[in-house]
Amino acid sequence: MTYEEAQSLIEATLPEKRYIHTLGVVETAERLARLYGADVEQARLAAMLHDYAKYLDSDMMRQVVVEENLDPSLLAFDDELLHAPVGAILLDRAYDLDPAVVSAIKNHTTGEPGMSRLDQILFVADAIEPNRSYPGVDTLRDLADRSLEAAVVATLRQTIDYLLKKSVRIFPLTIETYNHFVKTP
């Protein structure tokens, strides 16, 4: 799939506000890929496709989780988590994407211990794209320009803090990812 094909698909799939977010993620992922020596075209493609399944029917996404033998614990958490792994599977099925792009899409919400550089770039880009506005986002943006791995840890910490303040359960993979990336003194 070319970037242009992906852009046409996403523009037709997402509401305008989410499409604008996606363009911001593409811009940020491209910049971070250049900064950290990752494949720019893979970063652009993964960023363009990352929210493909965001607005799919929850029941259909749950069915994909079961049919594809994904982690069944996904079904015990907020449906928001489903769009990343389900989107990765559906896109790969339909377009036979590069495995690196599939991985980045799959991991962009929860993270994963040992994420590749491309995975990390999309994970951070999604959190700091120019249209994001929340307390601490500017600090994350500055950090992303200095250290990708530190930005991953800070993004995970921000996500975990946000979920703790909402008093909701945190998907274990997010905690595992945080523990993986935090350096032991």
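Just so it is clear, the structure is predicted and the values come from calculations on it, not from any experiment.
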So, for [X] and [Y], which heavy atoms are closest and what is the spacing to 0.1 Å?
{"X": "Ala104", "Y": "Ala46", "answer": "CB-CB, 4.0 Å"}
{"X": "Asp79", "Y": "Ser58", "answer": "OD2-OG, 2.9 Å"}
{"X": "Ala47", "Y": "Val26", "answer": "CB-CA, 3.6 Å"}
{"X": "His21", "Y": "His50", "answer": "NE2-NE2, 3.3 Å"}
{"X": "Thr155", "Y": "Ala127", "answer": "CG2-CB, 3.6 Å"}
{"X": "Leu97", "Y": "Val102", "answer": "CB-CG2, 3.7 Å"}

May I ask whether [X] and [Y] are part of the same hydrophobic cluster, defined by side-chain heavy atoms of I, L, V, M, F, W, Y residues being less than 4.5 angstrom apart, directly or through others?
{"X": "Ile175", "Y": "Leu81", "answer": "no"}
{"X": "Leu49", "Y": "Val40", "answer": "no"}
{"X": "Tyr52", "Y": "Leu74", "answer": "yes"}
{"X": "Ile160", "Y": "Ile128", "answer": "yes"}
{"X": "Leu56", "Y": "Leu91", "answer": "yes"}

Side chains of [X] and [Y]: closer than 4.5 Å at any heavy-atom pair?
{"X": "Tyr178", "Y": "Thr159", "answer": "no"}
{"X": "Leu23", "Y": "Glu27", "answer": "no"}
{"X": "Tyr134", "Y": "Gln158", "answer": "yes"}
{"X": "Asp51", "Y": "His108", "answer": "yes"}
{"X": "Leu143", "Y": "Val124", "answer": "no"}
{"X": "Met1", "Y": "Val101", "answer": "no"}
{"X": "Ser147", "Y": "Val152", "answer": "no"}

Are the side chain of [X] and the backbone of [Y] linked by a donor-acceptor contact shorter than 3.5 Å?
{"X": "Arg141", "Y": "Glu129", "answer": "yes"}
{"X": "Asp57", "Y": "Met60", "answer": "yes"}
{"X": "Arg44", "Y": "Glu30", "answer": "no"}
{"X": "Glu11", "Y": "Tyr19", "answer": "no"}
{"X": "Tyr36", "Y": "Leu148", "answer": "yes"}
{"X": "Ser8", "Y": "Glu4", "answer": "yes"}
{"X": "Arg169", "Y": "Ala76", "answer": "yes"}

For Val25, the rest of its hydrophobic cluster, which grows through side-chain links under 4.5 angstrom:
Leu122
What do you reckon, is OH of Tyr55 surrounded by more than 12 foreign heavy atoms closer than 6.0 Å?
yes
Check this for me: Glu67, atom CD, are more than 12 non-hydrogen atoms of other residues, nucleotides or ligands nearer than 6.0 Å?
yes
Does the pair Thr174 and Leu163 meet the rule for a side chain to side chain contact (heavy atoms under 4.5 Å, CB included), with working shown?
CA-CA 11 Å; Thr174 302; Leu163 295 171; 5.7 Å; no
List the steps, then state whether side chain to side chain contact (heavy atoms under 4.5 Å, CB included) holds for Gln120 with Phe181.
CA-CA 11 Å; Gln120 292 176 49; Phe181 280 93; 3.8 Å; yes
Which residues pass the ring-ring contact (aromatic ring centres under 6.0 Å, His included) test with Phe171, sequence neighbours left out?
Phe77
Nearest-0.5 Å distance that lies between atom [atom1] in [X] and atom [atom2] in [Y]:
{"X": "Leu32", "Y": "Leu118", "atom1": "CG", "atom2": "CG", "answer": "11.0 Å"}
{"X": "Thr2", "Y": "Leu45", "atom1": "OG1", "atom2": "CG", "answer": "8.0 Å"}
{"X": "Arg34", "Y": "Ile121", "atom1": "CZ", "atom2": "CD1", "answer": "11.5 Å"}
{"X": "Leu14", "Y": "Ile20", "atom1": "CG", "atom2": "CD1", "answer": "11.0 Å"}
{"X": "Leu35", "Y": "Thr28", "atom1": "CG", "atom2": "OG1", "answer": "12.0 Å"}
{"X": "Asp92", "Y": "Glu68", "atom1": "CG", "atom2": "CD", "answer": "9.5 Å"}

Salt-bridge criterion met for Arg62 and Asp59 (N-O under 4.0 Å):
no
Derivation of the salt bridge (charged side-chain N to carboxylate O under 4.0 Å, His left out) call for Arg132 and Asp126
CA-CA 9 Å; Arg132 293 282 197 198; Asp126 188 34; 3.3 Å; yes
Could you check whether Asp119 and Ser103, counting side-chain N and O atoms only, form a donor-acceptor pair closer than 3.5 Å?
yes
